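The structure under discussion appears below in the form of structure tokens.
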Amino acid sequence: MKKLLLPFVIGLFVSVESYAQIEYKIITTVESIVPSGLGRSRIISAEDERDYEDFTSEQTEEDNTRNKSKRSDIRVKDFEETKLLNFYNIGGIRFQNIAANDAVVGSKINAMIAEGWELAFVTSAVESDAGKDDNQGIFITRYIFKRNK
């Protein structure tokens with residue numbers, strides 16, 4: 001009887017574990033690449049939840065009604081904002097600022113891992129200077145964490 005009980009308990013544990021729900025959390029860093037250090041750089045983490053279905057409409061050939069979602073309903077007002085340094089200062093690119101940002105972002109990642117989150121994906125993009133009259137640019141990175149609920 002004991003020989004049958006052990007495989008049963010192990011099988012039960014494995015099957016319960018496979019039904020665990022996973023939740024995801026996205027942390028975004030926005031780092032300014034505006035010349036002369038005029039931009040703003042931050043880590044942003046939403047503290048409020050939104051259900052995408054509340055703001056989704058389906059367009060068909062028969063019904064192409066415009067999505068009526070209000071921006072004010074989508075907007076999240078409860079979020080954590082951590083200041084980062086800009087990549088540039090008045091003298092040009094500032095490597096100390098990049099190292100400082102790495103230390104702060106690393107601290108945030110370590111705190112998330114300590115809270116039981118696992119870093120699942122990282123994706124980044126850049127919108128850089130497009131010429132003489134374009135004084136805008138950001139480097140954005142999204143850190144996607146997951147954990148069992």
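Counting from 1, the numbers follow the sequence of the chain as shown. Just so it is clear, the structure is predicted and the values come from calculations on it, not from any experiment.
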Once side-chain hydrogen bond (donor to acceptor under 3.5 Å, both in side chains) is applied, do any residues pair with K108, and if so which ones, sequence neighbours excluded? E80
Here the side-chain hydrogen bond (donor to acceptor under 3.5 Å, both in side chains) pairs for residues 112-124, sequence neighbours left out, are none
Hey, mind stepping through T29 and F139 against side-chain contact (heavy atoms from CB on, under 4.5 Å) and telling me if it holds? CA-CA 8 Å; T29 59; F139 186 81; 5.8 Å; no
Considering only Ile, Leu, Val, Met, Phe, Trp and Tyr, and joining two whenever side-chain heavy atoms are under 4.5 Å apart, list the other residues clustered with Y52. none
In the hydrophobic clustering (ILVMFWY, side-chain contacts below 4.5 Å, transitive), which residues join I138, or is it alone? V30, I140
For D73, give me all partners under side-chain hydrogen bond (donor to acceptor under 3.5 Å, both in side chains), at least two apart in sequence or on another chain. none
Under the salt bridge (charged side-chain N to carboxylate O under 4.0 Å, His left out) rule, collect the residues that match up with R50, sequence neighbours excluded. D48
Could I get the full list of salt bridge (charged side-chain N to carboxylate O under 4.0 Å, His left out) partners for R40, not counting sequence neighbours? none
My understanding is that a hydrophobic cluster links ILVMFWY residues whose side chain heavy atoms are under 4.5 Å apart, including indirect links. Using that, what else belongs to the cluster containing I144? I22, Y24, I26, F121
Applying the 4.5 Å side-chain criterion to the ILVMFWY set and letting contacts propagate, would V76 and Y143 be lumped into a single cluster? no
N101: partners by side chain to side chain contact (heavy atoms under 4.5 Å, CB included), with sequence neighbours left out: E31, L84, L85, F87
For I44, what are the other residues in its hydrophobic cluster, where any two members join if their side-chain heavy atoms are less than 4.5 angstrom apart? F79
Test salt bridge (charged side-chain N to carboxylate O under 4.0 Å, His left out) applied to E81 - qualifying residues, sequence neighbours left out: R42
List in chain and number order the residues that pass salt bridge (charged side-chain N to carboxylate O under 4.0 Å, His left out) with R142, two or more places apart in sequence or in another chain; answer none if no residue qualifies. none
Nearest heavy atoms of S69 and D54, plus distance in Å: OG-O, 4.0 Å
